[in-house]
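To start, the structure under review is shown below, and the notes come after it.
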Protein chains: 2
Amino acid sequence: MTHRHVPDATVARLPQYLRSLVEEAERGRATVSSERLAELGGVNAAKVRKDLSHLGSYGTRGVGYDVEFLVYQIRRELGLTQDWAVAVVGVGNLGRALAGFGGFRARGFQVVALFDDDPAKVGRRIEGIEVRPTAELASLAAERQVQIGIVATPAEVAQDVADALVAAGVTSILSFAPTVLHVPEGVVLRKVDLSMELQILSFHSSHQPQLAADRAARPG
Amino acid sequence: MTHRHVPDATVARLPQYLRSLVEEAERGRATVSSERLAELGGVNAAKVRKDLSHLGSYGTRGVGYDVEFLVYQIRRELGLTQDWAVAVVGVGNLGRALAGFGGFRARGFQVVALFDDDPAKVGRRIEGIEVRPTAELASLAAERQVQIGIVATPAEVAQDVADALVAAGVTSILSFAPTVLHVPEGVVLRKVDLSMELQILSFHSSHQPQLAADRAARPG
DNA sequence: GTTTGTGAACCACTTCACAGCC
DNA sequence: GGCTGTGAAGTGGTTCACAAAC
């Protein structure tokens, strides 16, 4: 319950706990044990307890955790008590999917600006928001107080886009571009790389020859 | 150079090294040092050397690594010397984006089947492939020798879809559904969760108040 | 002189196991 | 008796630093 500094590994699991807790609340449960949370999140109970202990001593021995209270504490820790303004740069298939993704708004992430340099896309409206050229990124992102930028452009322009986002005051970037991005100190960067994910799957599949063969050979 | 068992952390970086190496090859470089690879991949040179040493002793002291040779070795280790047949389940915005993603085919991942239960989508063709109802998953995935399944459905049906994929002989699953999935031993599961990524960004942003304030206050 | 490959030291995270509190 | 919170032990990964090879 030192409470100062939550390990990265813990932070990465908090959203999962939050989701499980919200589901438990919807089922009408008032309290939940670390055992139950572990089961729902697919992890080990000791880990749940240690993770939660980094936020504070919010459990009750012999009882468990109060669901509503813990939901509030995790939301607060994650910074979800405020809404976040998001800009999506690049409205190809993926960018459009992201712009329209319902899970964002439901969790307090609101897409407020869309950018693309394809003349065929500029001016179009997606989910009620007009697509603007990236030349306007600096002014528009600042004006709309964008805090989070999502990069869904081809790799070649991703670094320029990231630079423009940083210049516009954006301090958090989520990139889907298949390239390494460099951002200044203090800007948080996370990356999702689809073909990298598939290549990792490929590795693991290739190294399970017996199982793969078993399954291929099993009856219809 | 023990070569047996490559750590997970190393496997996760191999695709990045591979990409950097291919780019170096395109620039006409015949050899590359761990220092250079580290710079391109945004990591530390000692880590590159240790990672590569898990595959074998493929470098030359005083010289570096032969680019073409290392590309081949990493490809082989990742199982990319064969093509992989991929099925995408759920052709909403995200599923369509994935089905059309050029980066997959370029790396040997070919989408060979699409599934969705929305009657408005069944029968439509996307990238030349007809969307079929998930009831046909078992037969069609087996028939087309699908090895990798991508789950891009709502959370509610994701577990059923995963079960159906496993039953059809799929041994690797990449899920975009915002829920915990359970798969039997021997099936590899990876997960990409968009709102979780944003929540992690939110945490880091919230815990940099001074920097956020600085940037908001800066001129221009 | 240059750069790899790798023991050794270090660090972060996980898991165990149990004291402490309900 | 049940369940949390946490020191201590264990595990896996990173970084250092240098001998070996070119």
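What you see below is based on every heavy atom in this structure, not just the backbone, and it leaves out hydrogens, waters and symmetry mates. Lettering follows sequence order; numbering is per chain, from 1.
Atoms NE2 (B:His54) and P (D:dG12) sit 12 Å apart, rounded to a whole Å. One interatomic measurement links the two molecules: NE2 of B:His5 to C1' of D:dT11, which rounds to 12 Å at whole-angstrom precision. Computed from coordinates, the A:Leu55 CG to D:dG5 P distance equals 10 Å when rounded to whole Å. D:dG2 atom P lies 18 Å from atom CZ of A:Arg36, rounded to whole Å. Counting to the nearest Å, the P atom of D:dG12 and the CG atom of B:Asp51 are 16 Å from each other. Between the CG atom of A:Leu52 and the C1' atom of C:dT14 there is a distance of 15 Å, given to the nearest Å. Look at CD on B:Glu35: it is 8 Å from P on C:dT4, rounded to the nearest Å. Atoms CG (B:Leu37) and P (C:dG5) sit 12 Å apart, rounded to a whole Å.
In this model, the phosphate group of D:dT14 is approached by a side-chain N or O of B:Lys47 to a distance below 4.0 Å at OP1 or OP2. Applying the 4.0 Å criterion to OP1 and OP2 of D:dC3, one finds that A:Ser33 has every side-chain N and O outside that range. Between A:Ser34 and D:dT4 there is a side-chain polar atom (N or O) within less than 4.0 angstrom of OP1 or OP2. Taking side-chain N and O atoms only, A:Tyr65 has a distance below 4.0 Å to OP1 or OP2 of D:dG5. OP1 or OP2 of D:dT14 lies within a sub-4.0 Å distance of a side-chain N or O belonging to B:Arg13.
With distances taken from any side-chain atom of A:Ala46 to the nucleotides C:dC16, D:dA17, C:dG5, the minimum falls on C:dC16. Taking only side-chain atoms of B:Arg49, from C-beta outward, the nucleotide of C:dT6, D:dG13, D:dG5 with the closest atom is C:dT6.
With no hydrogens or angles considered, no side-chain donor-acceptor pair links B:Asp66 and B:Thr31 at under 3.5 Å. Inspection of the A:Ser20 and A:Gln16 side chains reveals an N or O donor paired with an N or O acceptor under 3.5 Å.
The aromatic rings of A:Phe104 and A:Phe109 stand perpendicular to each other, their planes meeting at an angle above 60°, with 30° marking the opposite boundary.
Nucleotides of DNA chain C nearest to A:Asn44 and B:Thr60 differ in position, and the one nearer the 5' end is that of B:Thr60. Projected onto DNA chain C by closest heavy-atom contact, A:Val63 and A:Lys50 fall at different nucleotides, the more 5' of which corresponds to A:Lys50.
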### Message
Applying side chain to side chain donor-acceptor pair (under 3.5 Å) to A:Glu77 and A:His54, what does each step give before you reach the verdict?
### Response
CA-CA 10 Å; A:Glu77 189 68 28; A:His54 287 116; over 6 Å; no

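A donor N or O paired with an acceptor N or O is not found under 3.5 Å between the base of C:dT3 and the side-chain atoms of B:Arg61.
Aromatic pair A:Phe69/A:Tyr72: ring centres not closer than 6.0 Å.
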